[in-house]
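Convention: sequence-line order gives letters A, B, ...; per-chain numbering from 1.
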Protein chains: 2
Amino acid sequence: MQKQIVDILKEYGLKATPQRVTILSAIERQGHANIDEIYKDAKEKHSTISLATVYKNVTSLVAIDLLKEVALNNFKPKYEINKQPHSHIVCKKCGEIEDISLTNEIEFDTAKLIEGKDFLAEDIELNIYGVCHNCQNVG
Amino acid sequence: MQKQIVDILKEYGLKATPQRVTILSAIERQGHANIDEIYKDAKEKHSTISLATVYKNVTSLVAIDLLKEVALNNFKPKYEINKQPHSHIVCKKCGEIEDISLTNEIEFDTAKLIEGKDFLAEDIELNIYGVCHNCQNVG
DNA sequence: TGGTGTTAATAAAAATTATTATTTAGGAGA
DNA sequence: TCTCCTAAATAATAATTTTTATTAACACCA
């Protein structure tokens, strides 16, 4: 896994710097994290890392598809390791995200939606917003 | 229509100021617009309107569900008049959004996704990202 | 050793929110 | 309908937050 990442970075002319690896593993550990959360986490491992470095790296890692941006209503965008297409369950209260698989049915139904349109579909983004277990029991 | 909006505003203790009405009709005219687009449009009708007023009103109109925020990857959030649940076709190049209906099948399939989870689902957000007709022909 | 890319530390720019004095919408009462 | 009144809204800043650009020093590899 670590090996693969280094190879992908190399393929795109990006060096596997400690900062970069720290950022990636911070995101992997958290699952989904926004810039601040990545920065805070990375800073513990690498106290001198700068916020601008986090921004710059996240941007370039998204550009080479190692990371994926997750735009959210009312929350700052989060980032996740780019893996299989999947959907998200998002808590409106705390912003927690849980991954959930995308079924074939949904992909099929979605394809039907754009039938007849001259639109070149590339990604499906399905987010289910609501209230998570924890937040239901809080208030 | 105009009448309904005024009533809804009143219900929430918001005055039907010219600025507010201008903002709403700018969004209605554009279909989907971000803060800058709303501001630019509104400024033509109402040259002294301030950007802060746009921010403030958009926020409060979202709060009373007259508007809905549409979070987007790589673009600033846009706002739309809150109507029937529907999905979006989003062009990755130009950011244009087209509304498209949400089918019963998709709602059904989505419900199945969260079966068994202690999650109180409220909204489905389905965005299909790709390249629109115009941008396919540009480059 | 020279070149390329990266970084931290800034600085700068862009986006958003807060403050405040003034203006206004809309209801109450004549 | 026509004032008057008041809470709410506004424009104009100012301040803050978020994001991006610049730069000089550093590390790595050919």
Participant: Does the side chain of A/S50 get closer than 4.0 angstrom to OP1 or OP2 of C/dT7 through an N or O atom?
Facilitator: no
Participant: Look at the side chain of A/K15 and the base of D/dA27, then say whether one donor and one acceptor between them are separated by less than 3.5 Å.
Facilitator: no
Participant: Compare every heavy atom of B/A71 with every heavy atom of B/N127, then report the nearest pair and how far apart it is.
Facilitator: ND2-O, 4.0 Å
Participant: Using only side-chain N and O atoms of B/K10, determine if any of them is under 4.0 Å from OP1 or OP2 of C/dA25.
Facilitator: no
Participant: Using a heavy-atom cut-off of under 4.0 Å over every strand shown, decide if B/D36 touches base, sugar-phosphate, or nothing.
Facilitator: nothing
Participant: Could you check which of D/dT10, D/dA11, C/dA8 has an atom nearest any side-chain atom of B/N57?
Facilitator: D/dT10
Participant: CG/B/N82 to CD1/B/I8 distance, rounded to the nearest 0.5 angstrom?
Facilitator: 9.5 Å
Participant: Ignoring the backbone of B/L51, work out which of C/dG27, C/dA8, C/dT16 is nearest its side chain.
Facilitator: C/dT16
Participant: Could you work out which one of D/dA11, C/dT16, C/dA25 sits closest to the side chain of B/T17?
Facilitator: C/dA25
Participant: For the residue pair A/I81 and A/L24, what are the closest heavy atoms and their distance?
Facilitator: CD1-O, 3.9 Å
Participant: Looking at the side chain of A/L14, which of C/dT6, D/dT10, D/dA11 is the nearest nucleotide?
Facilitator: C/dT6
Participant: Across the strands shown, which category fits A/K56 at heavy-atom distances under 4.0 angstrom: base, sugar-phosphate, nothing?
Facilitator: base
Participant: From the set C/dA8, C/dA25, C/dT17, return the single nucleotide nearest to any side-chain atom of B/Y55.
Facilitator: C/dT17
Participant: Is any side-chain N or O of B/Q19 closer than 4.0 Å to OP1 or OP2 of D/dA11?
Facilitator: yes
Participant: Does one side chain, of B/E80 or B/H86, offer a donor that lies under 3.5 Å from an acceptor on the other?
Facilitator: yes
Participant: Taking the side chain of B/A52 as heavy atoms from C-beta outward, which of C/dT7, D/dT18, D/dT13 is closest to it?
Facilitator: D/dT13
